[in-house]
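Before any comments, here is the structure.
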Amino acid sequence: MLNNRQETMRQAAAFFTGEIDRLITKPVRLMEVCGTHTVAIFRAGIRQLLPPQVELVSGPGCPVCVTPNDYLDTAVAYSRLPDVIITTFGDMLRVPGSASSLAAEKAAGSDIRIVYSPLESLDIAAAHPEKKIIFLAVGFETTAPLAAATVLEAERRGLANFYVLSAHKLVPPALSALLADREVRVDGFLLPGNVSAMIGEQPYCFLAEKYHLPGVIAGFDPLDILQSVYMLARQIHASTAIVENQYRRIVRHEGNPAARQVLTQVYETVDAAWRGMGVIPASGLGVNDRYRRFNALAALPLQVEKASEQAACRCGEVLRGIIKPADCLLFGKACVPEHPVGSCMVSVEGTCAAWYKYGAGKWQV
């Protein structure tokens, strides 16, 4: 028997799905931008709850997935230097580069350490003054402020052997690039609640103003997501386009100014390469000149061979929402979580990994 809370949630879910079915009278494609949304949608079975005219597609919201091979190849090259310790979040370890991975290099003897916060890298730097500690700074606006704060803390501690290899990326320019892509068809966006907690609502307004597309900043509970789809459905039904904030309990209109201040103190906006999307202008963050001595590329230059991609891997198209994972011939065969060919099968936030883990996409190919 359902308790009162469960019954209330069941009724809310039934209301949202019923209204979505009533409001959406023709096929629409809605993109969830965030990898955390992708996983939540699969885990809660939200695709099965929605009417067939509503298609959810995943976008470039997994930070590991969108990191291109040239970055991985550079990290691998650094890891082979005898006086270097690489620190990284665990997801990066198994992502294949052009010819190797950090996991393979670690098995071969490179000193590569998993950290749960970039600040742990500073303790390693203090304990090993004879080594150069390079933190692989990967992620969106959500994680970049902590990496920036780590640089400031390294300066405060006077650590001369800590460096950042930055691949931080910005979400709004990627959405703009997606919409300029003729192959991409999207009728609305579920916008990332975690990124939005940092940047607020305004950076997404171009979706409505330039492209007349609705967007809803969504939380991560199943009802948050269903309500956000319902809010998109209301806009689509009314032929309106604005940016709404379903996640008001966390996301303020102005975002987090203190975090952004730390970000702008250490980083500057740069052009950045995205897997499957090429170089997107002003879509990345690089360490600025004031903190140049912490920039691994500037302080520790090295030669890296030109990167290459796995020819049959279609991660790039998955990340743009053009195909579903099951459309890739490698999916579930040559490419599985135990032996990933592409980055989308590696990360816990990866679209291919989510499809494989939660039923291999059998319910909606």
[Y] backbone acceptor or donor facing [X] side chain under 3.5 Å:
| X | Y | result |
| --- | --- | --- |
| Lys169 | Ala273 | yes |
| Ser98 | Ser308 | yes |
| Asp73 | Gly97 | no |
| Arg29 | Arg185 | yes |
| Lys131 | Pro82 | yes |
| His37 | Gly61 | no |
| Ser347 | Val64 | no |
| Arg314 | Ile323 | no |
| Ser176 | Pro173 | no |
| Ser101 | Pro96 | no |

Can you list the residues that meet the side chain to side chain contact (heavy atoms under 4.5 Å, CB included) rule with [X], with sequence neighbours excluded?
| X | answer |
| --- | --- |
| Glu309 | Asn69, Arg275 |
| Ala13 | Leu223, Leu226 |
| Arg248 | Glu201, Asn245 |

Practice task
Decide salt bridge (Lys or Arg N to Asp or Glu O under 4.0 Å) for Glu120 and Arg113; before the verdict, give the C-alpha distance in whole Å, the side-chain angles of both, and the deciding distance to 0.1 Å.
Solution key: CA-CA 10 Å; Glu120 293 177 42; Arg113 306 187 187 188; over 6 Å; no
Problem - Where at least one partner belongs to residues 179-217, residue pairs that pass ring pair (Phe, Tyr, Trp, His ring centres under 6.0 Å), sequence neighbours excluded - result: none
Completion exercise
So ring pair (Phe, Tyr, Trp, His ring centres under 6.0 Å) across residues 89-118, not counting sequence neighbours, yields Phe89-Phe135
To the nearest 0.5 Å, what is the distance between [atom1] ([X]) and [atom2] ([Y])?
| X | Y | atom1 | atom2 | value |
| --- | --- | --- | --- | --- |
| Arg94 | Met345 | CZ | CE | 10.0 Å |
| Ile46 | Thr17 | CD1 | OG1 | 11.0 Å |
| Cys34 | Glu349 | SG | CD | 6.0 Å |
| Ser58 | Glu32 | OG | CD | 3.5 Å |
| Met9 | Gln6 | CE | CD | 8.0 Å |
| Ile24 | Arg234 | CD1 | CZ | 12.0 Å |

Quick one: closest heavy-atom pair of [X] and [Y], and the distance?
| X | Y | result |
| --- | --- | --- |
| Asn194 | Thr142 | C-OG1, 3.7 Å |
| Ala148 | Tyr267 | CB-CE1, 3.8 Å |
| Glu254 | Arg260 | O-NH1, 2.8 Å |
| Ile112 | Leu102 | CD1-O, 3.3 Å |

Linked, directly or transitively: [X] and [Y] (ILVMFWY side chains, under 4.5 Å):
| X | Y | value |
| --- | --- | --- |
| Ile225 | Val243 | no |
| Val171 | Leu263 | no |
| Met92 | Val164 | no |
| Ile114 | Ile85 | no |
| Leu146 | Ile124 | yes |

Within the supplied structure, the quantity of interest is the number of heavy atoms (other residues, nucleotides, ligands) at a distance under 6.0 Å from [X] [atom1]; does it exceed 12?
| X | atom1 | result |
| --- | --- | --- |
| Arg249 | CZ | yes |
| Leu152 | CG | yes |
| Glu305 | CD | no |
| Gln303 | CD | no |

Please output the side-chain donor-acceptor pairs of residues 276-286 that fall under 3.5 Å, not counting sequence neighbours, one pair per line with the distance.
from: Ser283; atom 1: OG; to: Trp274; atom 2: NE1; distance (Å): 2.8
from: Ser283; atom 1: OG; to: Ile280; atom 2: O; distance (Å): 2.7

Report yes if the side chains of [X] and [Y] come closer than 4.5 Å at any heavy-atom pair, otherwise no.
| X | Y | value |
| --- | --- | --- |
| Glu130 | Asn161 | no |
| Val346 | Asp91 | no |
| Pro192 | Thr36 | no |
| Tyr71 | Leu165 | yes |
| Leu207 | Leu191 | yes |
| Pro222 | Leu49 | no |
| Leu81 | Tyr78 | yes |

Problem - side-chain contact (heavy atoms from CB on, under 4.5 Å) between Leu178 and Val186, intermediate numbers included - result: CA-CA 9 Å; Leu178 272 178; Val186 177; over 6 Å; no
Problem - Those residues that, when tested against Arg157, pass salt bridge (Lys or Arg N to Asp or Glu O under 4.0 Å) (two or more places apart) - result: Asp123, Glu153
Practice task
Apply salt bridge (Lys or Arg N to Asp or Glu O under 4.0 Å) to Asp21 and list each qualifying residue two or more places apart in sequence or on a separate chain.
Solution key: none
Practice task
Begin with the C-alpha distance, continue with both residues' side-chain angles, and end with the deciding distance and a verdict on salt bridge (Lys or Arg N to Asp or Glu O under 4.0 Å) for Asp181 and Arg320.
Solution key: CA-CA 9 Å; Asp181 186 335; Arg320 288 184 291 152; 2.6 Å; yes
Problem - Results of side-chain hydrogen bond (donor to acceptor under 3.5 Å, both in side chains) for His339 - residues two or more places apart only - result: none
Fill in the blank from the handout: Cluster membership besides Leu330, Ile/Leu/Val/Met/Phe/Trp/Tyr side chains within less than 4.5 angstrom, sorted by chain and number, is Val341
Handout entry: Polar side chain donor-acceptor pair, Ser100 to Glu105, under 3.5 angstrom
Key = yes
Exercise for the section: Answer with yes or no after comparing the ring centroid distance for Phe140 and His168 against a 6.0 Å cut-off, counting only values under it. Expected result: no
Determine all donor-acceptor pairs shorter than 3.5 Å in which one atom belongs to a side chain in residues 291-302; sequence neighbours excluded.
from: Tyr291; atom 1: OH; to: Gln265; atom 2: NE2; distance (Å): 3.3
from: Asn295; atom 1: OD1; to: Leu297; atom 2: N; distance (Å): 3.1

Handout entry: Under the ring-ring contact (aromatic ring centres under 6.0 Å, His included) test, residues paired with Phe16 that sit two or more places apart
Key = Tyr230
